[in-house]
Structures are given as structure tokens and as C-alpha cells.
Amino acid sequence: MLPLSERIWKLSARDFAPRLIGCTLVRILPTGERLAGVIVETEAYTGPEDLASHAAGGRRTARNESMWAEPGTAYVYFTYGMHFCFNVSCFRKDHPAAVLVRSVEPTEGIDTMRRLREGGTLRKRALRDRDLCAGPGRLCRAMAIDRSLDGEDLHRSSQLAILDRPAGQSEPPIVRTPRIGLGGEVGFWKDEPLRFVWADHPFRSR
DNA sequence: GCTGTGATCGCCT
DNA sequence: GGCGATCACAGCA
């Protein structure tokens with residue numbers, strides 16, 4: 001599998017989000033260990049007009065600066081006092097568009113992911129593979145993604161990369177739904193079908 | 001499988 | 001000072 005080509009990063013968030021389904025997110029840990037998973041669920045945050053976006057109305061702050069960066073920049077933010085979420089900027093520099101990666105199917109480093117997920121918290125049952133990375137906070141925990149990776153250039157990073165679908169693989173079947181967990185006065189943006197899910201994929205979030 | 005609830009803190013107003 | 005692009009667990013079906 002090859003890295004995403006230049007023209008793909010430049011798609012609008014609306015087009016980039018479904019295009020990421022089936023691509024592989026790769027994380028190289030400081031130890032050199034490689035973790036990877038196939039993207040099965042994404043959400044698009046289209047630009048300043050998108051009232052559900054952190055950059056709604058053109059808001060530009062230290063926190064969301066990566067949304068405005070070169071296409072293919074990681075935007076990682078902290079929320080709910082305990083979770084990180086991983087996004088990729090797209091479209092063009094100085095325009096705040098990004099795609100949130102909501103869940104992946106783990107393919108490499110699964111034991112390490114389970115250790116990262118279970119670290120610290122006591123659990124009654126062992127985590128199933130399909131729960132390891134099903135949700136934006138979960139996948140960041142399982143792949144050791146935090147704010148230190150905010151601003152990473154995914155073309156050149158030695159820690160994070162996105163590989164395209166294998167050549168010749170057919171397009172995955174995709175279902176569109178409204179985005180999850182939006183609050184505040186976002187008007188019709190709450191209903192816009194900007195969430196993209198690999199149809200009936202067992203590793204999507206619930 | 002679904003629903004309700006509490007946890008927890010950096011960032012923006 | 002208030003809230004959020006969430007999660008885990010309990011309780012119920």
C-alpha cells in the first residue's frame with residue numbers, strides 16, 4: 001500500500017472523508033513498534049461555514065491551528081476532560097477543513113493496543129478486538145495518539161501515516177448519517193449527513 | 001442490544 | 001465559569 005497522493009489530501013472534507021474509508025492508519029511508537037488499522041468510520045468538518053466545527057465562523061486559535069495548516073496535517077485535540085480525538089486537515093492551507101477518524105479495524109499490533117487500552121483501568125471482561133478502536137477516544141488511546149502529535153505532517157512524519165487502499169481493491173460500501181455528539185446552536189448542520197461508515201462493518205462504533 | 005449517568009479538565013468566553 | 005466532535009458501567013430487554 002502507498003501513501004495517499006497529493007491530490008487526495010486536497011479534496012474537500014465532504015469528499016475526503018468517504019475517500020479515507022478503507023485506507024490504513026499507521027502509528028509508529030517511540031519503541032519502533034508499528035500499530036495499524038483500517039479506517040471504517042469518519043466525519044467531515046467542512047470549513048468556517050460549518051457551525052459544528054471548531055473553526056465555525058473562521059475561529060482560529062492555538063488549539064485548532066492545525067485545521068488551518070497544510071492538507072495532511074494531524075489535528076489532535078483533547079475533550080471531555082479525558083479523551084483525545086484524531087483528525088486530518090484537508091482541502092487547502094489557511095482554510096479550516098478536517099476529517100475526524102471515528103474508528104478503525106485493528107490490523108497490526110493488536111496486543112499492544114489492548115495493553116494501551118487496558119492500562120490503568122480495572123475491567124470485568126477483556127476487551128474484544130472490535131471494541132479496541134471503535135470510537136474516536138478509544139482509537140487514540142489504543143494507538144497512543146495525544147496532543148504531542150498535533151501538527152504532525154502526515155506526508156513526512158516518522159510517527160503517523162495514512163496509506164491508501166490496496167490498488168485494485170473495490171470501493172467499500174459506505175453509509176452516510178448525521179454526525180455524532182454535536183452540541184450548541186448548529187442549526188441544520190446537526191442533520192447534514194457528514195458521517196461516513198463502512199456499511200455493516202463489525203468494527204464501526206456504536 | 002439499548003438507555004441513563006457520572007467522570008474530569010483544557011480551552012474559550 | 002461553563003462546557004464538550006466521549007467513554008465505561010449499570011441496569012434492563
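Numbers restart at 1 for each chain; the letters A, B, ... are given by sequence-line order, proteins then strands.
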Grab the [atom1]-[atom2] distance between [X] and [N] for me, whole Å please.
X: A:D131; N: C:dC9; atom1: CG; atom2: P; result: 11 Å
X: A:R128; N: C:dC9; atom1: CZ; atom2: P; result: 12 Å
X: A:I180; N: C:dC7; atom1: CD1; atom2: P; result: 10 Å
X: A:Y77; N: C:dC3; atom1: OH; atom2: P; result: 18 Å
X: A:L132; N: C:dC7; atom1: CG; atom2: P; result: 13 Å
X: A:E41; N: C:dA5; atom1: CD; atom2: C1'; result: 12 Å
X: A:F86; N: C:dT6; atom1: CZ; atom2: P; result: 16 Å
X: A:E185; N: C:dG2; atom1: CD; atom2: C1'; result: 15 Å

- Please examine the side chains of A:R165 and A:P172, heavy atoms only from C-beta on, and report whether any two atoms are closer than 4.5 Å.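 A side-chain contact exists here, since the closest heavy-atom pair is under 4.5 Å.
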- Task: Let me have DNA chain C in dot-bracket notation, would you? Count Watson-Crick plus G-U wobble pairs, both distances under 3.5 Å, and use [ ] for pairs crossing earlier ones and | for inter-strand partners.
- Result: ||||.|||||||.
- Could you state whether A:V104 and A:M113 fall into the same hydrophobic cluster, counting links through intermediate Ile, Leu, Val, Met, Phe, Trp or Tyr residues with side-chain heavy atoms under 4.5 angstrom apart?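 Same hydrophobic cluster.
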- Connected via hydrophobic side-chain network under 4.5 Å: A:M67 and A:V99: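 No, because A:M67 and A:V99 fall into different hydrophobic clusters, even though each may have its own neighbours under 4.5 Å.
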Result block: side-chain N/O donor-acceptor pairs under 3.5 angstrom for residues 76-87 of chain A, not counting sequence neighbours:
residue	atom	partner	partner atom	Å
A:N87	ND2	A:Y75	O	3.1

- Item | A:F196 versus A:A44, closest heavy-atom pair with distance |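 Smallest interatomic distance, heavy atoms only, reads CE1-CB, 4.3 Å.
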- Item | Heavy-atom closest pair, residues A:S205 and A:S103 |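 Taking every non-hydrogen atom into account, N-OG, 3.7 Å.
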- Would you mind telling me which residue lines up with the more 5' stretch of DNA chain C, A:F78 or A:G135, judged by nearest nucleotide?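 The 5'-side residue here is A:F78.
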- Message: Test question: given the 4.5 Å side-chain rule for I, L, V, M, F, W and Y, name all other residues clustered with A:F188, or answer none.
- Response: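 Noted: A:F188 shares its cluster with A:L51, A:V186, A:W189, A:L194.
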- Kindly give the cluster partners of A:M1, where membership spreads through any ILVMFWY side chain lying under 4.5 Å from a current member.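 Members other than A:M1 - counting any ILVMFWY side chain reachable under 4.5 Å - are A:V26, A:I28, A:L163.
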- Task: Tell me, please, the opening and closing nucleotides of DNA chain B, 5' to 3', among those with an atom under 4.0 angstrom from a non-hydrogen atom of chain A.
- Result: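 Here the contact window of chain A covers B:dG1 to B:dT13.
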- Residues from residues 93-107 of chain A lying under 4.0 Å of DNA chain C - heavy atoms: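 A:L100, A:R102 - these, ordered by number, are the residues of the stretch whose heavy atoms sit under 4.0 Å from the strand.
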- Positions of residues 188-206 of chain A (non-hydrogen atom under 4.0 Å from DNA chain C), listed by number: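 Within residues 188-206 of chain A, no residue comes under 4.0 Å of DNA chain C.
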- Only pairs at least two apart or in different chains count here, so list each salt bridge (charged side-chain N to carboxylate O under 4.0 Å, His left out) that has a residue in residues 98-107 of chain A.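 Applying salt bridge (charged side-chain N to carboxylate O under 4.0 Å, His left out) to every pair that reaches into residues 98-107 of chain A, excluding sequence neighbours, yields A:E41-A:R102, A:E43-A:R102.
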- Message: Under the rule for side-chain hydrogen bond (donor to acceptor under 3.5 Å, both in side chains), what residues qualify as partners of A:S148, not counting sequence neighbours?
- Response: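 A:S148: side-chain hydrogen bond (donor to acceptor under 3.5 Å, both in side chains) contacts with A:D146.
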- Output every pair passing ring pair (Phe, Tyr, Trp, His ring centres under 6.0 Å) with a member in residues 132-185 of chain A, not counting sequence neighbours, ordered by first then second residue.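 Pairs touching residues 132-185 of chain A that pass the test: A:W9-A:H155.
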- Message: Between A:D131 and A:R117, does any side-chain N to carboxylate O distance fall below 4.0 Å?
- Response: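 The answer is no: the pair does not qualify as a salt bridge.
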- Query: Considering heavy-atom distances to DNA chain B, does A:A62 or A:Y80 have its closest nucleotide positioned more toward the 5' end?
  - Reply: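 Whichever sits nearer the 5' end wins; that is A:Y80.
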- Message: Heavy-atom nearest nucleotide on DNA chain B for A:R147 versus A:M82: which residue maps closer to 5'?
- Response: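 Per heavy-atom nearest nucleotide, the more 5' residue is A:M82.
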- C:dA5 OP1/OP2 closer than 4.0 Å to side-chain N/O of A:H54: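 Indeed, a polar side-chain atom of A:H54 lies that close.
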Using distance only, find each side-chain donor-acceptor pair of residues 91-98 of chain A under 3.5 Å and give its atom names and separation, not counting sequence neighbours.
residue	atom	partner	partner atom	Å
A:D94	OD1	A:R60	NH1	3.4
A:D94	OD1	A:R60	NH2	3.3

- Contact class for A:R179 (heavy atom, under 4.0 Å): base, sugar-phosphate, or nothing?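 Contact class for A:R179: none.
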- Message: Please enumerate all residues that pass side chain to side chain contact (heavy atoms under 4.5 Å, CB included) together with A:T31, with sequence neighbours excluded.
- Response: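 Expected list: A:L29, A:E33.
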